[in-house]
Amino acid sequence: MKCKLCDNYYIVDLKLYNLFNPPELCETCSLEYIPHVYQEIIPVSGGLVTYYYLYDDVKLNMKQEEYLEKNFKILFKKMEKLTRNITLFIDSKSIKNFSEYFPLIINFKNINFYSLKRHNLIKYIDYF
Amino acid sequence: MIESIYKTKDSIQSIEAIKNGVCQRCFGNNLHKDKFNNYHCLDCYKYSDINETMRLYRRNRIMISKIHILNLLYNLTEEQKKGSNFFVNCFNNNNPGFLQAVCGAGKTEMTYSVILKALNQGLSIAFIIPRVEVLKEVYNRFIRCFPKTNIKILYENNKDFEFADIIFSTPQQLIYFFQEFDLLILDEVDAFPFVNNIFLERLVMKSVKTDGVILYMSATINNKYLQLINQNKLKYFSIASRYHFRDLSIPKFIQYNNHKQMLKILKQFLKIRLELNRQCIIFVPSINFGHIIKEWLLELQDKTFFISSKTKYKKSIVKEFRRGDFLFLVATTVLERGVTFSNIDCVVINSDHEVFSKESLIQISGRVGRVVGYENGEVIFLSKYLSTSMKQCKKEIVNMNERKNNEVQTM
């Protein structure tokens with residue numbers, strides 16, 4: 001079979017339990033791309049920025065990002081518990097215009113950011 | 001020409017970014033269809049997203065013509081002059097060339113003449129090295145030798161190339177150029193990440209003008225280039241001797257059965273280095289293993305460092321080692337090329353590991369005895385098994401030494 005992340009071919013040992021649900025990823029990718037909820041807390045004047053992301057220190061192309069976005073359900077569950085805060089998703093495109101969001105969100109005291117992979121938010125700290 | 005996805009005032013050409021299923025920025029066809037049925041190139045996605053709705057804009061690079069001078073404080077040896085003439089001939093005849101010269105032969109010095117000639121003709125020149133550390137070192141050497149030339153270096157986030165007479169760059173940065181260079185010198189062609197990387201090879205071919213010249217340099221040559229040489233598509237010249245005409249150090253193979261025995265052998269070897277006060281680089285195949293060896297070495301000496309691609313202050317550690325502040329340095333293959341230390345020995349632990357290819361082991365052996373006055377040094381390969389790479393490495397070094405000795409006798 002062809003791995004959906006790295007496009008390499010791999011052999012699957014088909015058994016009754018995985019006959020209709022074979023693994024989509026090769027062994028290397030299934031170990032490398034296990035999602036974890038990472039959390040970074042950045043204290044800002046009068047509030048707190050909490051940043052959640054699923055993958056640390058990985059380089060993903062568009063196809064890989066699209067596939068791994070299904071793991072966002074872990075973060076959605078976390079989001080349900082945090083109703084009073086403002087929540088923003090960051091992706092590879094929105095990070096380019098990230099500084100433009102700040103005039104709009106500056107008045108919120110507690111802000112949550114979510115993203116698939118880690119972006120360095122510390123360099124935007126001056127905007128808060 | 002400079003290629004960009006943003007339109008500027010001086011853009012003279014505009015093309016579709018993806019045409020007939022081929023990305024025009026990297027000439028790759030690894031495309032991905034998104035939710036809106038737009039195709040994106042996955043090969044050059046890491047530079048910035050490019051899709052079929054976008055356009056590429058090209059503009060000419062501004063260059064200022066002036067007279068350049070070469071400020072060389074020493075004379076080239078006869079062998080170096082031959083290598084230098086080979087490059088000049090390739091350039092004059094518009095032929096691509098490959099110069100194979102042993103480690104420490106002074107390959108960089110051999111490029112000065114051809115570069116000076118191209119500079120004074122007002123041509124656009126690029127010097128490409130796949131390793132950033134080596135690139136920085138060679139760049140500093142060029143700044144001293146070409147005092148009137150505007151030399152710019154491109155790597156990672158360094159992207160200033162305006163008004164540059166010579167551009168020093170990693171192959172990845174060539175994505176910003178389209179048929180720009182009249183002369184492109186590609187050093188360390190056998191080094192990671194350039195070796196066997198089709199994407200980077202495409203970028204190199206794209207950045208050279210159709211009538212431009214590519215000159216390759218390395219200490220080793222692989223089958224791909226040998227084929228081109230046999231087909232007469234690539235001119236070839238080889239230099240078997242170092243500039244001081246001493247033999248290359250031939251590696252000694254020492255076998256061990258288990259890690260305990262390996263550490264015992266290593267301890268004995270390093271104790272002698274301690275008594276002699278000689279420096280030693282210990283090459284390891286992986287980062288984790290490097291940390292273990294470094295911790296173990298702290299028993300022998302208080303100050304020991306470990307260098308890998310993930311080490312933050314590589315330059316300062318290398319500087320301290322060069323100054324002689326400490327005797328033992330543990331390193332991964334990150335230090336296998338481009339660095340010169342005066343009086344060292346080298347040990348390769350687990351030299352049968354797949355990381356240590358023939359090219360890599362030849363480069364490691366080449367770290368020893370590079371400087372005049374310190375031509376002798378030992379290279380030890382510690383391994384459980386004898387790998388093909390180890391055998392090939394020893395065979396090639398012995399052959400090179402024999403060839404050099406024959407040449408010296410006939411001189």
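Any value given below was found using the heavy atoms of this structure, including those in side chains, with hydrogens, waters and symmetry copies removed. In what follows, chains are A, B, ... by sequence order, proteins preceding strands, each numbered from 1.
In the displayed structure, B/Lys152 atom NZ is contacted under 6.0 Å by more than 12 heavy atoms of other residues, nucleotides or ligands. With a 6.0 Å radius and a threshold of 12 heavy atoms from other residues, nucleotides or ligands, B/Tyr313 has its OH atom at or below the threshold. Heavy atoms of other residues, nucleotides or ligands lying less than 6.0 angstrom from CE of A/Met1 number more than 12. For B/Phe306, the CZ atom sits in a packed shell: over 12 heavy atoms of surrounding residues, nucleotides or ligands are nearer than 6.0 Å. Atom NZ of B/Lys319 has 12 or fewer heavy atoms from other residues, nucleotides or ligands within 6.0 Å. A 6.0 Å sphere centred on CG of B/Asn20 holds no more than 12 heavy atoms belonging to other residues, nucleotides or ligands. Residue-environment remark: OH (B/Tyr39) stays at or below the threshold of 12 foreign heavy atoms within 6.0 Å.
Scanning residues 11-24 of chain A against chain B with a 4.5 Å heavy-atom cutoff picks out nothing at all. By a heavy-atom distance cut of under 4.5 Å, A/Leu60, A/Asn61, A/Met62, A/Lys63, A/Glu65 are the residues of residues 56-65 of chain A near chain B, going up by number.
Neither the backbone nor the side chain of B/Asp43 comes within contact range of chain A; no heavy atom of the residue lies under 4.5 Å from a heavy atom of that chain.
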